[in-house]
J.: 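Once you've had a glance at the structure underneath, I'll fire off some questions.
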Amino acid sequence: MTTTFARRSAALLACAAFGFATSAYAQDKTVKIGVLNDMSSLYADIGGPNSVAAVKMAVEDSGLKAKGWTIEVLSGDHQNKPDIGVNIARQWIDADKVDAIADTPSSGVALAVSNLVKEKNSVLLNSGAATADLTGKACTPNTISFTYDTYMLANGTGKALTKAGGDSWFFLTADYAFGHALERDTSAVVTATGGKVLGGVKHPLNTADFSSFLLQAQSSKAKIIGLANAGGDTTNAIKQAAEFGIVSGGQKLAALLLFINDVHSLGLKTAQGLTFTESFYWDLNDQTREWSKRFQKVSPKGSMPSMTVAGLYAEILHYLKAMDALGGNPHDGAKVVAKMKELPTDDPLFGKGPLRADGRRLIPAYLFEVKKPEESKGPWDYYKLVATIAPEDAAKPLKDSDCPLVKK
């Protein structure tokens, strides 16, 4: 009798505790998002303060504040150094109780932060880092990649140029995780499409002088010089290649990762004819134009959004949609990411598309070419569409995935 009473009392207490926990969780409508990126160096124009502006736009557009949510946005400069990035992320998670870390351009930083986020059961909302390993061998239940990756870039630009007759390649590669992954993935596509890789050279991140690297590329006689770098490294290489007469000499530059901010910096006279792959352009349709013009008004430099900035906006919208669906903040990163994968994605910039088990969102990609100066109708009118790449072709097939989360 006493034992039965004790058991019933324990059960009632457990139910009461569960009810209290559920009630507290449902009432917790506070979220902290930390935007971690390059605020001051070669990737600052791609994201930097523009990324913070996009996140704040997403917070406002989510409608959660009107539902009683309190959402705080922090920002930090990782200086493209993994140790600095991890230290900021650790401080945010442990001391500031940040729920999600967003953006993370620089693949080395993103891979390191992804490991920390898994350890702390937080969330990484990647839009800036390109390495496909984040949804491949290094995937975790706490990280998603929304916008693009090295597989998309390789299968867009690499395949198109090789099929068009650019069947011999030489790579200029940024010497860190992103550059290595981009060269690896593009080389695989080039050889699979019938081309040859004649060689390559690694250069330090944020280098000012590309002369020795460009001379090696020029002497290789490769039809295509693949620039496996980004931001200031890409624009510097393109400018110096023009000084060396590389393109006028018959070789073609392939900017394997190029952003609208890079084209704006280069100018159409220098950038014209470059072929590249992106998943967003401000002038794609009425919805992208309307949003981009809104964004330009809040952009610190009055610029149009890069692909990663647009992706970050869409990613934050979906993250907050998941929080709303959960009814409160569980402070459980894996649970939030699982809800993000469960809910259908739909936003004005990328439309609908599933968020896969590996954390990769399926969206179309586009092969663009930079317009000639006389083809541009006004400011920021820089791209002409060459081809649309279907979502299932822009991401590595799950059957070929080495992500441990994918069941085959």
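When reading the values below, keep in mind they use all heavy atoms of this one structure, side chains included, and skip hydrogens, waters and symmetry mates.
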J.: Go through the steps to decide whether D167 and K196 satisfy the test salt bridge (Lys or Arg N to Asp or Glu O under 4.0 Å), and finish with yes or no.
T.: CA-CA 6 Å; D167 56 5; K196 293 181 179 179; over 6 Å; no

J.: Please step through salt bridge (Lys or Arg N to Asp or Glu O under 4.0 Å) for the pair K32 and D99, ending with a clear verdict.
T.: CA-CA 5 Å; K32 282 189 178 182; D99 298 289; over 6 Å; no

J.: Is a side-chain N or O of S220 found less than 3.5 angstrom from the main chain of A217, in a donor-acceptor match?
T.: yes

J.: Output yes when a side-chain donor or acceptor of D96 lies under 3.5 Å from a complementary backbone atom of V98, and no otherwise.
T.: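 No.
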
J.: For K120, check salt bridge (Lys or Arg N to Asp or Glu O under 4.0 Å) against everything at least two apart and list the hits.
T.: D94

J.: With no hydrogens and no angle check, just 3.5 Å: does a side-chain donor-acceptor pair link D175 and H180?
T.: yes

J.: Can D402 and K137 be counted as an ion pair, charged N to O under 4.0 angstrom?
T.: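 No, D402 and K137 are not salt-bridged.
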
J.: When you look at S127 and T147, which way does the side-chain hydrogen bond (donor to acceptor under 3.5 Å, both in side chains) test go after all the steps?
T.: CA-CA 5 Å; S127 182; T147 314; 2.7 Å; yes

J.: Hey, is NZ on K163 packed in by over 12 heavy atoms from elsewhere, all under 6.0 Å?
T.: no

J.: Which heavy atom of D346 sits nearest to which heavy atom of R361, and what is that distance?
T.: N-NH2, 4.2 Å

J.: Just checking, any donor-acceptor pair under 3.5 angstrom between side chains of H78 and D38?
T.: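 No pair is found: no donor N or O on one side chain lies under 3.5 Å from an acceptor on the other.
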
J.: Can you name the nearest heavy-atom pair linking A181 to T131, along with the distance?
T.: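 Minimum heavy-atom contact is CB-OG1, 3.8 Å.
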
J.: Taking everything shown except K56 itself, do over 12 heavy atoms lie less than 6.0 Å from its NZ?
T.: no

J.: Classify the side-chain pair T30/D28 by whether it contains a donor and acceptor separated by less than 3.5 Å.
T.: yes

J.: Kindly say whether V336 contributes a backbone atom to a donor-acceptor pair with the side chain of Y319 at under 3.5 angstrom?
T.: no

J.: Taking all heavy atoms of F178 and all of S107, pick out the closest pair and write down the distance.
T.: CB-OG, 3.3 Å

J.: Side-chain donor-acceptor pair under 3.5 Å between D358 and S401, yes or no?
T.: no

J.: For residues S41 and N206, report the shortest heavy-atom separation together with the two atoms involved.
T.: OG-ND2, 3.2 Å

J.: Assess whether side-chain contact (heavy atoms from CB on, under 4.5 Å) is satisfied between L172 and F210, documenting all intermediate values.
T.: CA-CA 9 Å; L172 258 67; F210 279 87; 4.0 Å; yes

J.: Between Q218 (side chain only) and F213 (backbone N and O only), is there a donor and an acceptor less than 3.5 Å apart?
T.: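 Between the backbone of F213 and the side chain of Q218 there is no qualifying donor-acceptor contact (under 3.5 Å).
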
J.: Apply the test salt bridge (Lys or Arg N to Asp or Glu O under 4.0 Å) to residues K396 and D149: give CA-CA distance (whole Å), side-chain angles for both, the deciding distance (0.1 Å), then the verdict.
T.: CA-CA 10 Å; K396 190 173 187 177; D149 60 19; over 6 Å; no

J.: Classify the side-chain pair N37/D103 by whether it contains a donor and acceptor separated by less than 3.5 Å.
T.: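 The criterion, which ignores hydrogens and geometry beyond distance, is satisfied for D103 and N37.
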
J.: With sequence neighbours left out, what residues match D324 under salt bridge (Lys or Arg N to Asp or Glu O under 4.0 Å)?
T.: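 Only K67 meet the salt bridge (Lys or Arg N to Asp or Glu O under 4.0 Å) criterion with D324.
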
J.: Establish, from distance only, whether the side-chain atoms of S292 and T288 form a donor-acceptor pair under 3.5 Å.
T.: no

J.: Check whether the ring centres of F276 and Y383 lie less than 6.0 Å apart, and answer yes or no.
T.: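 Ring centres of Y383 and F276 closer than 6.0 Å.
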
J.: Minimum heavy-atom separation for L326 to K339, with atom names?
T.: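 Nearest pair, atom of L326 first, then K339: CD2-CE, 3.7 Å.
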
J.: Rounded to the nearest 0.5 Å, what separates atom OG in S114 from atom CD in E119?
T.: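 One finds 11.5 Å between OG of S114 and CD of E119.
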
J.: Take atom NZ in K81; do more than 12 heavy atoms of anything else shown fall under 6.0 Å from it?
T.: no

J.: Go through the side-chain N and O atoms of N126 and T104 and say whether any donor and acceptor fall under 3.5 Å apart.
T.: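 A donor-acceptor contact under 3.5 Å links the two side chains.
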
J.: Which of these passes side chain to side chain donor-acceptor pair (under 3.5 Å) with W169: T186, T191, T162?
T.: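 Exactly one candidate clears the test, T162.
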
J.: Kindly write out the residues that satisfy salt bridge (Lys or Arg N to Asp or Glu O under 4.0 Å) with D233, not counting sequence neighbours, or none if the list is empty.
T.: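 For D233, no residue satisfies salt bridge (Lys or Arg N to Asp or Glu O under 4.0 Å) once neighbours in sequence are set aside.
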
J.: With a cut-off of 6.0 Å (strictly less than), are more than 12 heavy atoms of other residues, nucleotides or ligands near NZ of K118?
T.: no

J.: In this structure, is the centre-to-centre distance between the rings of F368 and Y281 below 6.0 Å?
T.: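 Yes.
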
J.: Measure centre to centre between the rings of W291 and Y313, then say whether the value is under 6.0 Å.
T.: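 Under 6.0 Å, so yes.
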
J.: Please report the shortest heavy-atom distance between P379 and W282, naming the atom on each side.
T.: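 Residues P379 and W282, closest heavy atoms: O-CZ2, 4.3 Å.
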
J.: Go through it in stages, so that I can follow the logic: the residues are D61 and R294, the test is salt bridge (Lys or Arg N to Asp or Glu O under 4.0 Å), and I'd like the CA-CA distance, side-chain angles, deciding distance and then a yes or no.
T.: CA-CA 12 Å; D61 292 350; R294 279 181 56 214; 3.0 Å; yes

J.: Are side-chain N/O atoms of T277 and T157 paired as donor and acceptor at under 3.5 Å?
T.: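 There is such a pair between these side chains.
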
J.: Only one of H203, E183, R184 passes side chain to side chain donor-acceptor pair (under 3.5 Å) with T173; say which it is.
T.: E183

J.: Could you verify whether a donor N or O on one side chain and an acceptor N or O on the other, from N50 and S303, lie under 3.5 Å apart?
T.: yes

J.: Check whether the side chains of D262 and S265 place a donor and an acceptor atom closer than 3.5 Å, and report yes or no.
T.: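 S265 and D262 do not have a side-chain donor-acceptor pair below 3.5 Å.
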
J.: With a 4.5 Å cut-off on side-chain heavy atoms, are K252 and K223 touching?
T.: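 No - every pair of side-chain heavy atoms lies 4.5 Å or more apart.
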
